[in-house]
Amino acid sequence: MNPFIDIRNDFPILKQQVYGKPLVYLDNAATTQKPTTVIDALCNYYRQDNANVHRGVHALSERATVNYERTRDDLVGLIHANNRREIVFVRGATEAINLVAQSWGNANVAAGDEIIISAMEHHSNIVPWQWLCERTGATLKIAPMNARGELLMDQFDAMLHARTRLVAVVHQSNALGTINPVAEIIQKSHAVGAKVLLDGAQALAHMAVDVQALDVDFYVTSAHKMYGPTGVGMLYAKEALLEAMPPYQGGGDMIRTVSFERSEYNDLPYKFEAGTPNIAGVIGFGAALRYLQSLGMDAIAKHEQSLLAYATDKAESTGYIRLIGTAKNKASVLSFAVNGVHPHDLGTILDRDGVAIRAGHHCAMPVMKFFGVPATARASFAVYNTKDDVDTLFVAIEQAYAMFS
Amino acid sequence: MFDLRSLYQEVIVDHSKSPRHFGKLDPCTHQADGHNPLCGDQLHVYLHIKNGCIDDLSFEGDGCAISVASASIMSETLKGKTLGEFEALFDRFQQMVTAPVDQPVADDGMGKLTVLAGVREFPSRVKCAILCWHTLKSAMHADSGVAKTE
Ligand SMILES: Cc1ncc(COP(=O)(O)O)c(C=O)c1O
């Protein structure tokens with residue numbers, strides 16, 4: 001049986017009509033919709049448990065703390081971390097990368113060192129490294145890709161050497177859908193002594209990830225792309241790395257004792273969680289993780305792969321759609337251009353049919369430049385999408401195409 | 001589809017597919033770049049101003065149908081107009097594309113520009129329609145910078 005048949009009932013937002021048409025939500029790479037369990041977790045926290053964490057002696061604070069910390073254990077389970085000290089809550093993937101660039105980067109990168117990123121990075125995995133290089137005098141190297149949107153591994157190999165301090169690459173590209181050969185990247189990077197950061201903002205909602213099997217050093221994600229709330233995310237890092245890293249921000253919760261002469265830092269992971277965190281967000285994140293686990297990551301991947309294959313076939317059979325990103329190993333993202341129709345116009349026209357897609361540069365302007373387009377249209381899939389959604393998408397695209405031809 | 005047709009009228013589709021005044025203007029007295037980062041529209045406008053009049057103008061670039069059609073129709077409309085007339089039309093154009101949907105379009109003296117009134121119903125597209133006007137204005141004022149819609 002298809003475990004996803006009734007799944008749309010879990011997402012109240014999907015029941016609405018947009019301009020009189022049933023909503024077909026295909027902008028999941030930007031953010032996914034939230035199941036009732038996540039919405040309830042947020043509401044229940046504010047209705048019943050609202051209190052600050054880690055500091056109250058009263059019942060509410062204890063409940064809030066237990067629910068907040070439970071999410072850390074859920075994350076340990078989902079990504080197979082070694083222990084809960086390796087999971088730091090942050091605002092999202094962007095903040096996690098900035099944290100690593102500031103804290104680990106300032107302490108470990110010096111003039112003459114090199115950092116490698118790939119040609120398909122989201123701006124959030126470009127800018128913090130550019131800044132780090134400007135601060136330290138290190139050099140940023142860009143591992144190139146081919147016309148299908150796959151990393152050129154022989155060129156990557158040639159870039160690696162003893163001065164490579166860090167390799168920061170996207171696990172699954174938001175603009176192209178490419179899944180990078182991360183196990184190989186990690187193994188080769190470690191062979192020259194470099195650390196590896198994986199940007200898992202897109203990956204974690206779509207595939208099973210085991211950070212210990214991968215032996216990855218840093219792994220980052222955002223809850224809102226995995227059915228959780230906005231404004232919360234995760235930094236995973238190996239305990240020994242976090243232990244050696246200086247704190248990122250100073251404030252409450254991250255210290256053990258403070259005097260005006262000096263302060264002693266708290267244990268992991270609290271050393272990196274200064275200030276009152278996004279408590280409701282973290283609790284909602286936990287509900288999202290349990291939702292994902294209840295469906296099963298392998299079943300999710302299988303369902304979305306079948307949608308992607310179906311949509312790819314449809315796109316190819318039109319004769320007027322150019323796919324941008326055709327990697328052999330890809331997931332959940334269909335980036336494309338329709339002959340004669342600018343992506344922005346396509347987005348507007350589809351919207352009036354109730355079909356929500358993204359049109360733009362997807363915060364990956366270097367990717368757009370590589371493919372010689374100002375923007376692409378992007379349909380991206382989630383667990384609740386169906387073949388009917390894909391059919392509606394292509395009927396709407398056909399109408400847009402007809403309008404301009 | 002009725003409201004979509006108010007945006008993508010035939011005139012607009014036609015101007016977007018075969019824009020008028022498209023290409024480089026040589027010689028020109030003023031030029032400027034315009035950029036809409038949201039959808040990647042890139043325009044470059046050229047102006048030849050003589051005796052306080054827009055003697056000629058043209059544009060180049062890459063953009064969505066609304067931004068290209070708007071630049072094309074703007075160029076047709078403004079050729080031969082005085083700088084004062086440009087200012088007045090810019091004001092009225094801005095008012096037209098941001099007016100509430102239920103307000104009638106004041107079309108006297110606006111000519112073909114009124115075909116762009118439909119963008120009122122599509123707030124995310126107003127910037128596309130207005131980019132060329134901002135770009136032209138920054139060319140006139142010889143701002144060295146790039147006109148932006150943000
Ligand atoms: C691949 C990738 N990395 C990083 C990010 C940044 O995530 P956030 O904006 O939630 O911090 C995104 C979001 O679009 C993304 O797709």
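Here the structure is a predicted model, which means the values were calculated and not measured. Quick note on labels: first sequence line is chain A, next is B, and so on, each numbered from 1.
- For A:Ser405, the part lying near chain B is the backbone, with the side chain staying farther off; criterion is any non-hydrogen pair under 4.5 Å.
- Within a 6.0 Å sphere centred on CD of B:Glu10, heavy atoms belonging to other residues, nucleotides or ligands number 12 at most.
- Residue A:His344 holds its NE2 atom at 9.5 Å from NZ of B:Lys127, rounded to the nearest 0.5 Å.
- By the neighbour-count criterion of 12 heavy atoms within 6.0 Å, atom NZ of A:Lys141 is sparsely surrounded, having that number or fewer from other residues, nucleotides or ligands.
- Summarising the geometry, atom CG belonging to A:Asp351 is positioned 8.5 Å from atom CZ belonging to B:Phe122; distances are rounded to the nearest 0.5 Å.
- The local environment of CZ in B:Arg20 is crowded, with over 12 non-hydrogen atoms from other residues, nucleotides or ligands closer than 6.0 Å.
- Only the side chain of B:Asp41 comes within less than 4.5 Å of a heavy atom in chain A; its backbone stays farther off.
- Environment of NZ in A:Lys15: crowded, with over 12 heavy atoms of neighbouring residues, nucleotides or ligands closer than 6.0 Å.
- Considering only heavy atoms from C-beta on, A:Pro374 stays 4.5 Å or farther from B:Gln42 through its side chain.
- Heavy atoms of B:Ser16 lying under 4.5 Å from chain A belong exclusively to its side chain.
- Residue B:Ser67 holds its OG atom at 8.0 Å from CG of A:Asp345, rounded to the nearest 0.5 Å.
- From A:Met403, atom CE reaches atom CG of B:Leu7 across 7.5 Å, with rounding to the nearest 0.5 Å.
- For the atom pair CD (A:Gln399) and CG (B:Leu4), the distance works out to 8.5 Å, reported to the nearest 0.5 Å.
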